[in-house]
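Remarks on the structure that follows.
So you know, we letter chains A, B, ... as the sequences are listed, proteins then strands, and number each from 1.
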Amino acid sequence: MTAQERAPATPGLAGAVVDPPVAVYATRLGDDALILAQRLGGWITNAPQLEEDVALANLGLDLLGQARMLLTYAGEREGLGRDEDALAYSRDERGFCNVTLVERADADFGEAMARLLVFSAYQLPLYERLSGSADPTLAAIAAKAVKEVAYHRDHATQWVLRLGDGTAESHRRMQAGVDSVWPHVDELFGTDDLERALVAEGVAVDRPALRDEWETYVRDVLTRATLTVPEPAAAPATGGRAGVHTEAMGYLLAEMQHLVRSHPGATW
Amino acid sequence: MVRPALTPEAARAAAAAVTDPELPVLTIAELGILRAVRVDGVDGVDGVVGVDRVVEVDLTPTYAGCPALEAIESDVKAALHAAGATDVRVRRVLAPAWTTDWITEAGRAKLAAAGIAPPSPTRSGGSTRSGGVAGSAPVDLTLTVRCPRCGSADTRELSRFGPTACTALRTCASCREPFEHVKAL
C-alpha cells in the first residue's frame, strides 16, 4: 500500500506511512500542546503585568514539556526515525493535526484567557482519563501532565472571573473573547474511526464523553463571572485534526520553524 | 592501571550529591527526583561490580517541561565519571509522577534555611484529581504558608508563578520580605 492510499485513514500526517494509529493519536495530543505553548509564548513581554508574563511562560513551558513527550513517543511508534524536533520543525501546515482553537491569534488578553479556560477545562478530564490508558507511555505522560493542567484551569478561571466580573470595559472584552473562541468548542469533542478503535482498545479517551464535565465547569465559571454563555455556533470550526487549518496557522509555523529551517542542523 | 571498584553505594552517593541548578541548596536526592542507581544493571547492594563500571541512573522530572533536567542529566554523568564509571546511562522515568511529597525532611529544612518556603503536603498524597466544579470562592483556599524568615503565618500570594516552574512568589505582612514558595504538586 502506498503512502498516498493510506493518507485518508491517517489524517494529520498526510503523505506519511503511519502505523500504528497510536502514533497519530499521540501526534494529535502533542500538536494541541505544542501549538498552544507557542501561542502562550507570544504573550511574554505583552501580558498586562510582569507576573503574568512569567505565569504564561510557565504554562507554555508545561505544555511544551507535554508536547515533547507526546511527539517523541509518536515518533517512536511511527517508526520512521522522526524525533520530536523533526515532527515540530519539519512538518508543513497540512501535517499538523491540532484543533483550530489552539492556533488562533488572540485579539487581546481576555480572549487568551477565554481560550485557556476552554482548552484546559477540556484537557484536564482528558488527561485524567488517559492516565488510566492501556498504553503505559500515554498513561504515564497523562498522569504527569494532569497536575499541571489543573493549575492551568485554575489560573484561567481566576482571570475570567476577575475580568468578567470587573469593569464595564473588562466585562465587554471578556465576553467578546468567549464569543470569539466559542465556534471552536465542538472540534474539541469530535471523534473519528481511528479514535473510536483506540477507545475500544482502552488506549484513547472517548472525547465526546468529556463534554458534560467540560460544560458543567465552564458554564459555572462564566455564570459566576456574570458572562453570557454563547449559543452553540451555527458554523462550528472543523478540520484541524485533518490538517486543514485557519489562516493563523501558517504565520504561527513561519515564526516557530523559521530558525531551524533557515539553519538546518544548527545547534546552540 | 587498577582503579578502585565502583560499588553501588559509591555510585548512588555520587549521583545523590548532584544539586539542582535552579534550587542549588537541594541535592537531587533531597528533591526526590533520583529514582534509582544501578551498577552493571543490577540494583541495590548485591550489585555486581564489573570491569566496565556501567551505571544506569533513573531520573524523574518535577514538571514535564522543566528545563533544568538536561543540565541535571549532564551533571549526573560528570559526577559518575569522576567517581570511576566508564559508561553512564540516564533514563527518564515518568511513572509514578513526581510529587512535592517526595522532597525529604532534610530538603525541606534546607529550603527554609535558604529563605524558600517548603511545600505543604499534597491533599491526596500525590495523585491530584480535579474537583469537577470550582469552589464557590473566586480564589481556592490553600493552607497557610509561613514566612521562612520570621515564621509569621500572615503571608499572601504575590504571583502564582515564580522564577522557576515549581515556585510561586509570596510576601510576608509581618517582616515585609518577599519570598519564594515551592508549590505543592
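Neither the backbone nor the side chain of Thr167(B) comes within contact range of chain A; no heavy atoms are under 4.5 Å apart. If you measure heavy-atom distances from Thr60(B) to chain A, you find no contacts under 4.5 Å at all. Within the 4.5 angstrom heavy-atom criterion, no atom of Ala145(A) approaches chain B. When heavy atoms are compared at a cutoff of 4.5 Å, Leu63(A) does not approach chain B at all. Residue Leu61(A) touches chain B through both its backbone and its side chain, counting heavy-atom pairs closer than 4.5 Å.
Across every non-hydrogen atom of Lys144(A) and Ala97(B), the tightest pair is CA-CB, 3.9 Å. Taking every heavy atom of both residues into account, Val54(A) and Gly162(B) meet most closely at CG1-O, 3.2 Å.
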Pair Phe161(B), Glu52(A) - check side chain to side chain contact (heavy atoms under 4.5 Å, CB included), show working. CA-CA 8 Å; Phe161(B) 295 86; Glu52(A) 195 58 21; over 6 Å; no
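Of the inter-residue distances, the one linking Lys183(B) atom NZ with Lys147(A) atom NZ reads 12.5 Å to the nearest 0.5 angstrom.
Here the side chains of Arg160(B) and Asn58(A) are not in contact, with every heavy-atom distance at 4.5 Å or above.
Applying the salt bridge (charged side-chain N to carboxylate O under 4.0 Å, His left out) rule to Arg39(A) yields no partners; only residues at least two apart in sequence or on another chain are considered.
Within the structure, ring pair (Phe, Tyr, Trp, His ring centres under 6.0 Å) pairs that include any residue of residues 12-38 of chain B do not occur (at least two apart or interchain).
Within a 6.0 Å radius of OH in Tyr89(A), no more than 12 heavy atoms belonging to other residues, nucleotides or ligands are found.
Between chain A and the residues Ala168(B), Ala165(B), Pro96(B), Pro67(B), the largest count of heavy-atom pairs under 4.5 Å involves Ala165(B).
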